[in-house]
*Asks:* 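Can you read through this structure? Questions will come right after.
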Amino acid sequence: MITFNNISKVYNSGAQTITALDQVTLEIKEGEIFGVIGFSGAGKSTLLRCVNALETPSEGEVLVGGDLLATLSPKQLRKKRKTIGMIFQHFNLLQAKTVFDNIAIPLYLLGYKKRDVKNKVRELLSFVELSEQAHKYPDQLSGGQKQRVGIARALATDPSILLCDEATSALDPQTTSSILALLKKINAAYNITILIITHEMNVIQEICDSVAVMENGRVIETGSVFDVFAYP
Ligand code: ADP
Ligand code: ADP
């Protein structure tokens with residue numbers, strides 16, 4: 001579903017060059033929950049942002065759903081991005097908008113019709129168990145509720161891939177578990193491929209099928225979670 005083929009990313013900041021990704025090759029299969037773990041600065045978010053072309057690798061290829069991203073036209077890329085949802089550590093909600101509108105507005109911007117938007121938002125709110133909170137504002141919600149709004153928004157375009165950028169790092173352990181359970185439910189219910197970047201080992205152990213360990217822009221180990229982390 002996602003292939004990173006020998007990708008590197010070099011940032012030039014003034015006289016300095018920073019190698020954020022160094023010849024990364026990974027294959028993420030359809031329907032899989034794949035975790036990337038590593039310390040801060042390892043290159044995880046750069047890697048994640050290559051999937052929806054928020055970053056372009058300096059070298060190498062990224063394929064998503066069989067398409068080489070570098071060869072897509074702007075129109076094709078917009079279409080591809082609708083197949084990729086994303087959730088964030090700090091939720092990235094519009095503070096001046098209700099829960100309902102936070103999910104609805106991106107759909108309006110994508111040109112969806114009003115009736116379709118309303119039906120879709122209601123369905124999503126029910127799925128993430130926030131129907132009662134539809135008219136509240138983000139600052140009236142708990143962290144876990146905010147992330148469930150983020151998840152509903154990410155699912156609004158019926159994506160086949162969900163990218164999770166430290167999605168539980170701002171949450172307490174109990175809320176983390178409930179969000180991870182919801183991600184697992186999404187993966188099972190819709191066969192959505194989930195790519196998670198995290199610095200938290202428990203996230204990998206709780207829901208990931210496969211894992212890659214990153215250090216200094218490189219993948220230093222990858223395989224099933226069992227194989228990589230089952231110490232003798
Ligand atoms: P992680 O997500 O694992 O913390 P990042 O992908 O954010 O790692 O960063 C990898 C490296 O690339 C770090 O050294 C970071 O400082 C650097 N980096 C990330 N984005 C930029 C940028 N836009 N410009 C310059 N350096 C960057
Ligand atoms: P309009 O007046 O534009 O025809 P409505 O009166 O149906 O639309 O909705 C006004 C606002 O109420 C919407 O912008 C939306 O934020 C909110 N809303 C509409 N339907 C629901 C719903 N089922 N649950 C929560 N909020 C809703």
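Model, not experiment: these values are computed from the prediction. We count ligands from 1, going down the list as the structure has it; atoms in each ligand are counted the same way. Index from 1, following the sequence.
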*Asks:* Would G38 count as a contact residue for ligand 1, given that I'm defining contact as a non-hydrogen atom of the residue lying under 4.0 Å from a ligand atom?
*Replies:* no
*Asks:* Answer yes if a protein heavy atom lies under 4.0 Å from atom 24 (N) of ligand 1, otherwise answer no.
*Replies:* yes
*Asks:* Check K80, Q76, K79 against D67 for a side-chain hydrogen bond (donor to acceptor under 3.5 Å, both in side chains) and give me the one that passes.
*Replies:* K80
*Asks:* Any idea which protein heavy atom is nearest atom 12 (O) of ligand 1, and the distance to it?
*Replies:* A20 CB, 3.3 Å
*Asks:* If hydrogens are left out, which of G41, S45, G217 has an atom nearest to atom 4 (O) of ligand 1, that is, the closest non-hydrogen atom?
*Replies:* G41
*Asks:* Could you check whether atom 15 (C) of ligand 1 has a protein contact, counting only heavy atoms that fall below 4.0 angstrom?
*Replies:* no
*Asks:* Looking only at distances, please establish whether an N/O atom of ligand 1 is found under 3.5 Å from an N/O atom of I18.
*Replies:* no
*Asks:* Measuring from I192:CD1 to K185:NZ, what's the distance to the nearest 0.5 Å?
*Replies:* 12.5 Å
*Asks:* Using 30° and 60° as the class limits, which term best fits the ring planes of F127 and Y190: parallel, tilted or perpendicular?
*Replies:* tilted
*Asks:* Give the numbers and elements of all ligand 1 atoms closer than 4.0 Å to a heavy atom of F39.
*Replies:* 3 (O)
*Asks:* How far is atom 9 (O) of ligand 1 from the closest protein heavy atom, and which atom is that?
*Replies:* T46 OG1, 4.0 Å
*Asks:* Do other residues, nucleotides or ligands put more than 12 heavy atoms under 6.0 Å from the CD atom of Q174?
*Replies:* no
*Asks:* Give, for atom OG1 of T46 and atom CD1 of I18, the distance between the pair rounded to the nearest 0.5 Å.
*Replies:* 10.0 Å
*Asks:* Which residue owns the protein heavy atom closest to atom 19 (C) of ligand 1, what's the atom, and how far is it?
*Replies:* Y11 CE1, 3.5 Å
*Asks:* Would D158 and K120 pass as an ion pair if we require N to O under 4.0 Å?
*Replies:* yes
*Asks:* Please answer whether the main-chain N or O of F39 pairs with a side-chain N or O of K44 as donor and acceptor at a distance below 3.5 Å.
*Replies:* yes
*Asks:* If you look at every heavy atom in T175 and G144, which pair is closest and at what distance?
*Replies:* CG2-CA, 3.3 Å
*Asks:* Can an N or O of K44 be found at a distance shorter than 3.5 Å from an N or O of ligand 1?
*Replies:* yes
*Asks:* Is there a polar contact, in the sense of an N or O pair closer than 3.5 Å, between A42 and ligand 1?
*Replies:* yes
*Asks:* Taking distance alone, with no angle check, do G43 and ligand 1 share an N/O pair under 3.5 Å?
*Replies:* yes
